[in-house]
Amino acid sequence: MASDIVFVIALMGVVSAVWGALAIPGLRRRLPKIYLIARSWWFMLAALFGCYAIAKIADRHAELLTSRYPYQWLLIGFFVLIGLRGGYEIKRIWCLPSRARLIHKLQSRGLQPRVTPTSSADHTASATTPHYTHPTGLDGLLSMAFVALIVSLIALQQLTWQREQYGVLLFVLFASQFNDIAQYLCGRLLGHRLFSRGLAPRISPNKSIEGAIFGSMCAALLASLLGVWLTGFEWWLCLLAAYGLAVSGIAGDLLESAFKRQHGIKDTGTMLAGHGGVLDRIDSLLIGVPIFTVLYWLLG
């Protein structure tokens with residue numbers, strides 16, 4: 001069995017086991033947010049891996065099928081859906097009535113502090129007459145990065161399929177996700193032990209310098225091992241790529257955090273319980289994936 005399919009099955013098994021353990025009533029009461037995160041991860045991975053596995057099997061057994069292209073479009077369709085949902089979340093925040101409803105929804109779930117809106121337009125905007133905020137440079141930067149991400153994901157999928165390096169796509173996606181987890185754990189264990197100030201206190205007060213440094217290092221080491229297994233690249237190349245994705249993941253996360261702080265929201269949505277919106281989940285991919293895709297295209 002191919003290494004990427006083994007990885008897909010193994011990771012789904014691990015996430016299923018974690019979700020199942022957290023579903024035990026005692027643990028669920030003690031760790032309600034972790035339970036929701038694990039549940040959301042299971043559904044996200046099931047959708048991604050389902051599309052990936054079907055497209056991969058169809059591609060490898062194309063001679064047995066009338067046409068493999070409908071199956072190839074499953075992954076592209078998955079990325080397009082992510083793009084549509086993320087674009088909706090950005091547009092909803094620009095629209096004052098929609099943003100006010102989102103803030104109210106977040107507050108009702110205890111995800112947003114109850115404060116007086118900073119803009120008087122939030123009070124006066126009616127639900128029937130949309131009023132939009134004037135986009136700033138930060139809004140434009142985030143929007144361009146998001147569009148570049150979706151285009152890059154589709155292009156990277158096509159490139160890896162053409163070169164029969166299927167595991168490269170999984171390596172890129174999970175190198176960034178490992179960094180999110182490693183930063184969180186290192187931040188909890190080591191946060192503010194070496195540095196008194198945070199990484200970016202005005203943008204994301206909970207992020208520590210220790211979490212960024214040690215988290216990115218741990219994530220790069222783990223992801224490089226995954227990369228050697230999935231891609232067949234040299235270990236030093238996997239380590240370099242993994243560290244670059246980790247550092248760019250921090251930058252992407254801060255970019256999205258600045259966007260949210262500018263508009264006075266904690267999450268871009270409530271679709272993914274424990275995570276927030278789609279944009280909250282893929283923010284670490286915003287910068288690293290487009291850069292990796294361009295380098296992979298030029299140097300591959």
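Using a 4.5 Å heavy-atom cutoff, the side chains of Arg39 and Leu22 are not in contact. Side-chain atoms of Tyr296 and Arg163, non-hydrogen and from C-beta on, do get closer than 4.5 Å to each other. In this structure the side chain of Ser208 never reaches within 4.5 angstrom of the side chain of Phe195, judged on heavy atoms.
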Below 3.5 Å, can you tabulate the donor-acceptor pairs from side chains in residues 145-160 to any protein atom, sequence neighbours excluded?
{"residue": "Ser152", "atom": "OG", "partner": "Ala148", "partner atom": "O", "Å": "2.6"}
{"residue": "Gln157", "atom": "NE2", "partner": "Gln72", "partner atom": "OE1", "Å": "3.4"}
{"residue": "Thr160", "atom": "OG1", "partner": "Leu156", "partner atom": "O", "Å": "2.9"}
{"residue": "Thr160", "atom": "OG1", "partner": "Gln157", "partner atom": "O", "Å": "2.9"}

Under 3.5 Å, side-chain donor or acceptor atoms of residues 216-232 against the rest of the protein: list the pairs with distances, not counting sequence neighbours.
{"residue": "Ser216", "atom": "OG", "partner": "Ala212", "partner atom": "O", "Å": "2.7"}
{"residue": "Ser216", "atom": "OG", "partner": "Ile213", "partner atom": "O", "Å": "2.9"}
{"residue": "Ser224", "atom": "OG", "partner": "Ala220", "partner atom": "O", "Å": "3.1"}
{"residue": "Ser224", "atom": "OG", "partner": "Leu221", "partner atom": "O", "Å": "2.7"}
{"residue": "Thr231", "atom": "OG1", "partner": "Gly227", "partner atom": "O", "Å": "2.4"}
{"residue": "Thr231", "atom": "OG1", "partner": "Phe233", "partner atom": "N", "Å": "3.1"}

Less than 3.5 Å apart, which donor and acceptor atoms pair up between the side chains of residues 7-15 and the rest of the protein, not counting sequence neighbours?
none

Check residues 286-295 and write down every donor-acceptor pair under 3.5 Å in which the side-chain atom is one partner and the other belongs to a residue at least two apart or another chain.
{"residue": "Thr293", "atom": "OG1", "partner": "Val289", "partner atom": "O", "Å": "2.8"}

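The salt bridge (charged side-chain N to carboxylate O under 4.0 Å, His left out) contacts involving residues 142-157 comprise nothing, where partners must be two or more places apart or lie in separate chains. For residues 248-258, the set of pairs meeting the salt bridge (charged side-chain N to carboxylate O under 4.0 Å, His left out) definition, not counting sequence neighbours, comprises Lys207-Asp253, Glu256-Lys260. For residues 74-97, every residue pair satisfying the salt bridge (charged side-chain N to carboxylate O under 4.0 Å, His left out) rule, not counting sequence neighbours, is listed here: Arg85-Glu89. Listed by first and then second residue, the salt bridge (charged side-chain N to carboxylate O under 4.0 Å, His left out) pairs involving residues 213-224 amount to none (not counting sequence neighbours).
Arg281 approaches Gln177 most closely through the heavy-atom pair NH2-OE1, 2.9 Å. The shortest heavy-atom contact between Leu272 and Gly277 is CD1-O, 4.0 Å. Among all heavy-atom pairs drawn from Gly274 and Lys33, the shortest one is O-CE, 3.9 Å. The two residues Cys238 and Phe171 have their closest heavy-atom pair at O-CZ, 3.8 Å. Between Thr268 and Val278, the shortest heavy-atom distance links the atoms OG1-N, 4.5 Å. Scanning both residues, His275 and Asp280, for their nearest heavy atoms gives O-CB, 3.5 Å.
Applying the 4.5 Å side-chain rule to ILVMFWY residues, one finds Tyr184, Leu185 in the same cluster as Ile181.
Residues forming a side chain to side chain contact (heavy atoms under 4.5 Å, CB included) with Ala17 (at least two apart in sequence, or on another chain): none. Residues that satisfy the ring-ring contact (aromatic ring centres under 6.0 Å, His included) test with Tyr243, not counting sequence neighbours, are absent from this structure. Every ring-ring contact (aromatic ring centres under 6.0 Å, His included) that Trp161 has, sequence neighbours left out, goes to Tyr52, Tyr166.
Both Leu169 and Val80 belong to a common hydrophobic cluster when Ile, Leu, Val, Met, Phe, Trp and Tyr are linked at side-chain heavy-atom distances under 4.5 angstrom. Val18 and Leu36 fall within a single hydrophobic cluster, where Ile, Leu, Val, Met, Phe, Trp and Tyr side chains are chained together by heavy-atom contacts under 4.5 Å. No continuous path of hydrophobic side-chain contacts links Val247 to Leu237 [ILVMFWY only; heavy atoms under 4.5 Å]. In the hydrophobic clustering of ILVMFWY residues, with side-chain heavy atoms under 4.5 Å counting as a link, Leu170 and Leu240 come out apart. When the side chains of ILVMFWY residues are joined at heavy-atom separations under 4.5 Å, either directly or via intervening members, Ile203 and Ile93 end up in two distinct hydrophobic clusters.
Taken from NZ in Lys266 to CD1 in Ile103, the straight-line distance is 12.0 Å, to the nearest 0.5 Å. Taken to the nearest 0.5 Å, the CG atom of Leu102 stands 4.5 Å off from the CG atom of Leu106. Tyr35 contributes atom OH, which lies 12.0 Å from atom CG of Leu27 (distance to the nearest 0.5 angstrom). Going from atom OG of Ser176 over to atom CD1 of Ile250 covers 10.5 Å, rounded to the nearest 0.5 Å. Asp4 contributes atom CG, which lies 12.0 Å from atom CD of Gln165 (distance to the nearest 0.5 angstrom). Separating the CZ atom in Phe178 from the CG atom in Leu245 is a distance of 12.0 Å, to the nearest 0.5 Å.
Around atom CZ of Arg188, no more than 12 heavy atoms belonging to other residues, nucleotides or ligands sit under 6.0 Å away.
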